[in-house]
Amino acid sequence: MLRGFATEGSLETFFEMSVGYYTLQKKIEFISMAWSCASFLFFVRSILGPKFGYRTYQLSVLLGVVFSLFTLFTTPDIFSNNLVLKAIKPLIVGIGVVILFQLGLATKRKENYAGIIFYPFIFALFTAIYEFLASNYDLNYKHLSSFGFTIFVFAQSYILAKKFNNAYLTSERLTGHLQEEVQKQTKSAV
């Protein structure tokens, strides 16, 4: 979302076009791209458990740190160089494919919420791959991944709603048992 905000010209309502604005826009765009896999895995691991994709998560964080430092300490003409992008984009897509494979296995094992994450992630990954191809081959709709990940966020809203519903039902069940326990204790005390 932050990447889409920076790349679609939304920052221009707050800043005048200048060298500083352009640098800020590009740094936000590239740093958010570098952290996309790690932030996604952070979210997935919070739902499926910390053992999910542990090594992939470590690799994603390393990629995010290295490319963020590179982006912060160089100028846009260096970090947005086509050669640098040709190196990082396949890494991000590769990590995305590994995550897809891991989610597929978790879905096959019928882990809670894995399927709800897996299927929208296919769509989100497809839009990210399309965006990388669009930037290389000058296709229309260069920032389609924002749309793909928005669809993914809607699916995740379903998970949150389901978890809140389960929490509510558990609370109701425990409240009922609490009243029974109070009655038992009161009867016992009398």
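Keep in mind that what you see is a predicted model, and the values were worked out from it rather than measured.
- Under a hydrophobic-cluster definition in which Ile, Leu, Val, Met, Phe, Trp and Tyr are linked whenever side-chain heavy atoms come within less than 4.5 Å, directly or via other members, F70 and V65 are assigned to the same cluster.
- When the side chains of ILVMFWY residues are joined at heavy-atom separations under 4.5 Å, either directly or via intervening members, V98 and F43 end up in two distinct hydrophobic clusters.
- Between K26 atom NZ and I28 atom CD1 the span is 11.5 Å, to the nearest 0.5 Å.
- Here the shortest heavy-atom pairing between F52 and I99 reads CZ-O, 4.5 Å.
- A pairwise comparison of heavy atoms in S36 and S39 identifies O-OG, 3.1 Å as the closest pair.
- Put simply, NZ on K89 and CD1 on I129 are 12.5 Å apart, with the number rounded to the nearest 0.5 Å.
- A single hydrophobic cluster is seen to contain both F73 and M33, as judged by linkage of ILVMFWY side chains at heavy-atom distances under 4.5 Å, directly or through other members.
- Every side chain to side chain donor-acceptor pair (under 3.5 Å) that Y54 has, sequence neighbours left out, goes to Q58.
- Other residues, nucleotides and ligands contribute more than 12 heavy atoms inside 6.0 Å of the NZ atom of K163.
- At a threshold of 4.5 Å between non-hydrogen side-chain atoms, the residues F40 and I117 count as touching.
- Residues T75 and T23 are not in side-chain contact: their nearest non-hydrogen atoms beyond the backbone lie 4.5 Å or more apart.
- Under a hydrophobic clustering in which Ile, Leu, Val, Met, Phe, Trp and Tyr are joined whenever their side-chain heavy atoms come within less than 4.5 Å, directly or via other members, V97 and L62 fall into different clusters.
- The distance from the OG1 atom of T71 to the CD1 atom of I88 is 7.0 Å, given to the nearest 0.5 Å.
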Query - Chi angles and distances behind the side chain to side chain contact (heavy atoms under 4.5 Å, CB included) call for W35, V61 - result: CA-CA 7 Å; W35 282 97; V61 169; 4.2 Å; yes
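- When all heavy atoms are compared, the tightest approach of P50 to R45 is O-NH1, 2.6 Å.
- How far NZ of K27 is from OG of S32: 13.5 Å, rounded to the nearest 0.5 Å.
- Within 6.0 Å of CZ in R55 there are 12 or fewer heavy atoms belonging to other residues, nucleotides or ligands.
- For the pair L48 and A114, the tightest heavy-atom approach, listed with the atom from each and the gap, is CD2-N, 3.9 Å.
- Considering every non-hydrogen atom in both A34 and F67, the closest pair reads CB-CD2, 3.4 Å.
- With contacts defined as side-chain heavy-atom distances shorter than 4.5 Å, the pair I92/L63 qualifies.
- Remark: T127 OG1 to I122 CD1 distance equals 12.0 Å, nearest 0.5 Å.
- Using a 4.5 Å cut-off on side-chain heavy atoms (C-beta onward), V44 and Q102 make no contact.
- One finds the CG atom of N165 at 9.0 Å from the OG1 atom of T170 (value rounded to the nearest 0.5 Å).
- Across every non-hydrogen atom of P120 and A155, the tightest pair is CG-CB, 3.3 Å.
- Under the 4.5 Å side-chain heavy-atom criterion for ILVMFWY residues, a single connected hydrophobic cluster contains both I47 and L41.
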